[in-house]
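Here the structure is laid out as structure tokens; the discussion comes afterwards.
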Amino acid sequence: MNNPDKRIPEDIAPEVLELASRNYANHTQSYSASELVAAGEEVDIPAEFIQQAILDVQARHKQQQQQQQYLAHLRQKLFIAAAGMVATLSVWSIWTYNSISSSHSRVEAAWAQVENQLQRRADLIPNLVNVTQAYAKQEQELVSLLVRSRQTYLQATTPEEKVAATVQVNQAIDRFRDYATVNPQLQSSQLFTNLQYELTGTENRLAVERMRYNQAVQAYNQKIQSFPNVLVANTLGFEKKDFFQATNTNVPIVP
């Protein structure tokens, strides 16, 4: 030390004393080669064997140190690789979730368009009732069927309930058409002709929206059922959607 009188800050003095104590302990617990040779001579071990033993032990310790360094380096590489895999998996999971969620939203949007057309058909029923009452007051059974079918549809809340209610609406409309075919006075009225146009347009639009909905459902179902997307879909609760099967394939023809 160039200046032994130089003051040492109080905050590092304990650390200096601790390190000095450790270094002194290591020094007092170590031996020089000549000391080991002298110790060997006391038990009749030739000096060359002591020297060889020193070299062998140093080589073994060096090998152990290199092996420890290699293992430490290997653990570091494995940690980096694992962290990279976790990061990659996280990014993929987020991307897959966003993709499935977007596909699910397209299904919901397509179903909303289907509902619009189903609602439009249901809203035509009061006009069918008015026509029936105007030209056939005795057809109370048909009137009741039309009214009940519309009420059933309006009370439906889930897609499954709406599809089931649509069956009743279709049956009621088909019953009205059957009645109209045998009632020339009804067929000749302008109100009935207008309703036929409305029904035809609604059926055509419903067919288009049903097709779009089923296409969206097909794309969504394929996405959540393919591997490895199925892992994310099952974990996050994405379920398979049912197709909307046509319950009435007879589109009315306007005369």
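All heavy atoms count here, side chains included; hydrogens, waters and symmetry mates do not.
- Residues A172 and L142 share a closest heavy-atom pair of O-CD1, 4.3 Å.
- Two residues are said to be in side-chain contact when any heavy atoms from C-beta on lie closer than 4.5 Å; P126 and R150 meet this criterion.
- With a 4.5 Å cut-off on side-chain heavy atoms, E203 and R121 count as touching.
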Extract all donor-acceptor atom pairs below 3.5 Å that involve side chains of residues 68-82 and protein atoms in other chains or at least two apart in sequence.
none

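- Considering all non-hydrogen atoms of both residues, V107 and A216 come closest at CG2-O, 3.4 Å.
- One hydrophobic cluster, built from ILVMFWY side chains closer than 4.5 Å, cannot hold both L145 and I173; they sit in different ones.
- With rounding to the nearest 0.5 Å, the separation of CG in L146 from OH in Y179 is 11.5 Å.
- When side chains are defined from C-beta on, Q168 does not count as touching R148, because their heavy atoms never get closer than 4.5 Å.
- N194 and E198 form no side-chain donor-acceptor contact under 3.5 Å, judged by distance and modelled atom types alone.
- The shortest side-chain heavy-atom distance between Y197 and T200 does not fall under the 4.5 Å cut-off.
- A 4.5 Å side-chain heavy-atom check between L199 and R177 finds at least one atom pair inside the cut-off.
- At a cut-off of 3.5 Å, with distance as the only test, a side-chain donor of T96 or W92 sits close to an acceptor on the other residue.
- With a 4.5 Å cut-off on side-chain heavy atoms, R106 and Q215 do not count as touching.
- Scanning both residues, E161 and Q155, for their nearest heavy atoms gives OE1-O, 4.5 Å.
- Residues P159 and V163 fail the side-chain proximity criterion, which asks for heavy atoms closer than 4.5 Å.
- Relative orientation of the F238 and Y97 rings is tilted, given thresholds of 30° and 60° on the angle between their planes.
- Surrounding CZ of R212 are at most 12 heavy atoms belonging to other residues, nucleotides or ligands under 6.0 Å away.
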Legend entry - Stepwise side chain to side chain contact (heavy atoms under 4.5 Å, CB included) test for V86 and L89: CA-CA 5 Å; V86 171; L89 182 61; 5.7 Å; no
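- Taking OG of S101 as the start and OH of Y220 as the end, the distance is 9.0 Å to the nearest 0.5 Å.
- No donor-acceptor pair under 3.5 Å is formed between the side chain of E209 and the backbone N or O of R205.
- For S103 (side chain) and S99 (main-chain N/O), no donor-acceptor pair under 3.5 Å exists by modelled atom type.
- The distance from the CG atom of L206 to the OH atom of Y213 is 12.5 Å, given to the nearest 0.5 Å.
- Tracing side-chain contacts under 4.5 Å through hydrophobic residues (I, L, V, M, F, W, Y), one reaches F243 starting from L118; they form part of the same cluster.
- A salt bridge links K241 and E108; the closest N-O separation between the charged side-chain nitrogens and carboxylate oxygens is under 4.0 Å.
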Inset, instruction - Dump the intermediate steps for side chain to side chain contact (heavy atoms under 4.5 Å, CB included) on W95 and N98, then the final yes or no. - result: CA-CA 5 Å; W95 180 87; N98 290 337; 5.7 Å; no
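- I100 contributes atom CD1, which lies 5.0 Å from atom CG of N229 (distance to the nearest 0.5 angstrom).
- The line from NE2 of H61 to CD of Q66 is 13.0 Å long, rounded to the nearest 0.5 Å.
- No more than 12 heavy atoms of other residues, nucleotides or ligands lie within 6.0 Å of CD in Q67, so this atom counts as exposed by the packing criterion.
- Side-chain contact between Q119 and L154: present, with at least one pair of heavy atoms (C-beta onward) separated by less than 4.5 Å.
- A salt bridge does not link R175 to D178: none of the charged nitrogens lies less than 4.0 Å from a carboxylate oxygen.
- Atom-to-atom distance recorded for N214:CG and N221:CG is 10.0 Å, nearest 0.5 angstrom.
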